[in-house]
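See structure below.
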Amino acid sequence: MSREMEGRVCLVTGASQGIGESIALRLAEEGCNLVLGSRRQEACERTAQAARELGVDALAVELDVSSMSSVQEAVESANAHFEEIDFLVNNAGIARDNLLVRLSPEAWAETMQTNLMGVYHCTKAVLRSMLRQRHGRVVSISSVVGLLGNPGQTAYAASKAGIHGFTKSLAREVASRNITVNAVAPGYISTEMTAGLPDEARERLLEQIPLERLGTGADVAGVVRFLLSEEAAYITGQVISVDGGMNM
């Protein structure tokens, strides 16, 4: 098996389950060492152990991306363990869905603080090191909702659309230092929640997807792996949809 990323170090946020876990284990297969962050450290440690069984070093850290102090503490722990972080995958996020007329200021603020400020906190914390190394990769997980919108998700959509502007602007700032910055916008991904949908609701969902199936964590993880690799060295400032054709 090719292990192209042998010796590299990637920080993955929201790595305790779902897409974050899939990304972490896909990178571990490539030989990439991992710093795995989540507010659920016990679950994150399980992901780290699974990564270690694939032959890499993995450090699980308690991480609340909405807090700059928590992010700085996690990055300090990572640097003490690995010295440098080569890649960052901003995956942590929340949804506080409601129609705008019913959406509280607190729910709006919490969504922005985690989904958008979290990307700012984590990227800022690792960027100076990447600038010194004159190499780095930043990939943020957005959503098709940030491209298309969705009723009842104004806060979530706005936070994800903000990631797109952040990605394109930062890509221009750091391109001269051989740092690429991209985003991946997943569509509907198979999760425990979607697995429990009634048949009628599932059919309505599939009608929106030209490929007529839900995506998987592996679908997203494969694209992230590519964007972190040297094969993608000439790709920056892009938002890549992984949505079965929803955003054509």
Min side-chain heavy-atom separation Ser229-Phe226 under 4.5 Å: yes
Steps toward side chain to side chain contact (heavy atoms under 4.5 Å, CB included) verdict (Leu63, Val71): CA-CA 6 Å; Leu63 175 60; Val71 171; 3.7 Å; yes
- prompt: How many angstroms lie between atom CD of Glu6 and atom CG of Asn33, to the nearest 0.5 angstrom?
  reply: 7.5 Å
- request: Say whether, by atom type as modelled, one donor and one acceptor occur between the side chain of Asp86 and the main chain of Val9 under 3.5 angstrom.
  value: yes
- prompt: Given the rule in the side chain to side chain contact (heavy atoms under 4.5 Å, CB included) test, do Val35 and Phe82 qualify, once you have shown the distances and angles that lead to the verdict?
  reply: CA-CA 9 Å; Val35 182; Phe82 289 115; 3.7 Å; yes
message: One pair to check against side chain to side chain donor-acceptor pair (under 3.5 Å): Asp64 and Ser70. What are the steps and the verdict?
response: CA-CA 6 Å; Asp64 177 0; Ser70 175; 5.7 Å; no
query: After noting the C-alpha distance and the side-chain angles of Glu21 and Ser16, does the key distance pass the side chain to side chain contact (heavy atoms under 4.5 Å, CB included) rule?
result: CA-CA 6 Å; Glu21 180 182 14; Ser16 62; over 6 Å; no
task: Enter the distance from Leu88:CG to Leu11:CG here, rounded to the nearest 0.5 Å.
output: 5.5 Å
- prompt: Which pair of heavy atoms, one from Val56 and one from Arg3, lies closest together, and at what distance?
  reply: CG1-NH2, 3.5 Å
task: Check which hydrophobic residues are tied to Val101 through side-chain heavy-atom contacts below 4.5 Å, counting indirect links as well, and list them.
output: Leu99
task: For the pair Arg52 and Glu45, find out whether any cationic side-chain nitrogen is under 4.0 Å from an anionic carboxylate oxygen.
output: yes
- prompt: Does the pair Glu29/Arg26 count as a salt bridge with the N-to-O cut at 4.0 Å?
  reply: yes
query: Can you find a pair of side-chain heavy atoms, one from Val174 and one from Leu131, that are under 4.5 Å apart?
result: yes
- line: Value for CG (Asn79) from NE2 (His81), rounded to nearest 0.5 Å, stands at 11.5 Å
query: Taking atom CZ of Arg177 and atom NE2 of His135, what is their separation to the nearest 0.5 Å?
result: 14.5 Å
message: With a 4.5 Å cut-off on side-chain heavy-atom distances among I, L, V, M, F, W and Y, is there a chain of contacts connecting Ile141 to Met112?
response: no
- prompt: Are Leu127 and Phe87 in one and the same hydrophobic cluster, where Ile, Leu, Val, Met, Phe, Trp and Tyr link if side-chain heavy atoms are under 4.5 Å apart?
  reply: no
Within one Ile-Leu-Val-Met-Phe-Trp-Tyr cluster: Leu59 and Leu54, side-chain cutoff 4.5 Å: no
statement: Scanning both residues in full, the closest heavy-atom pair of Ile94 with Arg39 reads CG2-NH2, 3.8 Å
- prompt: Do the non-hydrogen side-chain atoms of Leu228 and Met5 ever get within less than 4.5 Å of each other?
  reply: yes
query: Do His121 and Ser67 pass the side chain to side chain donor-acceptor pair (under 3.5 Å) test, and can you show the C-alpha distance, the side-chain angles, and the key distance before you say yes or no?
result: CA-CA 8 Å; His121 290 154; Ser67 165; over 6 Å; no
statement: Looking only at heavy atoms, the pair that brings Ala28 and Leu34 closest together is CB-CD1, 4.1 Å
message: Is there a continuous path of hydrophobic side-chain contacts, each under 4.5 Å between heavy atoms, that joins Val220 to Ile235?
response: yes
query: Mind checking whether Val138 and Thr180 have side chains closer than 4.5 Å, heavy atoms only?
result: no
- request: Kindly indicate, with the supporting measurements, whether the criterion side chain to side chain contact (heavy atoms under 4.5 Å, CB included) is fulfilled by Arg40 and Gln17.
  value: CA-CA 10 Å; Arg40 301 170 59 235; Gln17 62 182 351; 3.7 Å; yes
query: How long is the gap from OG on Ser159 to CG on Asn115, to the nearest 0.5 Å?
result: 4.0 Å
- prompt: Distance-only, no hydrogens or angles: does the Thr47 side chain make a donor-acceptor pair with backbone N or O of Ala15 under 3.5 Å?
  reply: yes
message: Quick check on the hydrophobic clustering: are Val239 and Ile163 connected, directly or via other members, by side-chain heavy-atom contacts under 4.5 Å?
response: no
message: Evaluate Ser129 against Gln133 for side chain to side chain donor-acceptor pair (under 3.5 Å), listing each step before the verdict.
response: CA-CA 6 Å; Ser129 174; Gln133 296 175 82; 3.3 Å; yes
message: Would you say Arg46 and Gln49 are linked by a side-chain donor-acceptor pair, where the criterion is simply a distance under 3.5 Å?
response: no
message: Between Thr13 and Ala92 (side chain of the first, backbone of the second, donor and acceptor by atom type, cut-off under 3.5 Å), is there such a pair?
response: yes
message: Using the rule side chain to side chain contact (heavy atoms under 4.5 Å, CB included), only one of Ile189, Val12, Val224, Val89 pairs with Ile19; which is it?
response: Ile189
Carboxylate-amine/guanidinium proximity below 4.0 Å for Glu231 and Arg225: yes
statement: Contacts satisfying salt bridge (charged side-chain N to carboxylate O under 4.0 Å, His left out) that involve residues 109-118 (not counting sequence neighbours) are Arg96-Glu110
query: Between the side chain of Thr111 and the main-chain N/O of Tyr156, is any donor-acceptor distance below 3.5 Å?
result: no
query: So, for Met130 and Ile85, which heavy atoms are closest and what is the spacing to 0.1 Å?
result: CG-O, 4.1 Å
message: I'd like to know if the side chain of Gln113 and the backbone of Ser66 have a donor-acceptor N/O pair within less than 3.5 Å.
response: yes
- request: Specify the closest pair of heavy atoms between Pro210 and Gln208, including all atoms of both residues, with the distance to one decimal.
  value: CD-O, 3.5 Å
- prompt: Looking just at side-chain N and O atoms, do Gln238 and Asn182 make a donor-acceptor pair shorter than 3.5 Å?
  reply: no
- prompt: Measuring from Glu200:CD to Arg204:CZ, what's the distance to the nearest 0.5 Å?
  reply: 5.0 Å
Any donor-acceptor pair under 3.5 Å from Ser241 side chain to Asp243 backbone: no
- request: For Ser140 and Asn90, test the side chains for any donor-to-acceptor distance below 3.5 angstrom and give the result as yes or no.
  value: yes
field: N/O donor-acceptor pair under 3.5 Å between Thr123 side chain and Tyr120 backbone
entry: no
field: Ionic contact status for Glu230 with Arg137, cut-off 4.0 Å
entry: yes
message: Show the nearest heavy-atom pair for residues Ala185 and Leu147, with the distance to one decimal.
response: CB-CD1, 3.9 Å
task: Determine yes or no for a side-chain-to-main-chain donor-acceptor pair under 3.5 angstrom, with Lys160 supplying the side chain and Ser143 the backbone.
output: no
- request: Give a yes or no on whether a salt bridge exists between Asp219 and Arg213, defined as a side-chain N under 4.0 angstrom from a carboxylate O.
  value: yes
task: Check whether any side-chain heavy atom of Leu206 sits under 4.5 Å from a side-chain heavy atom of Leu214, and report yes or no.
output: yes
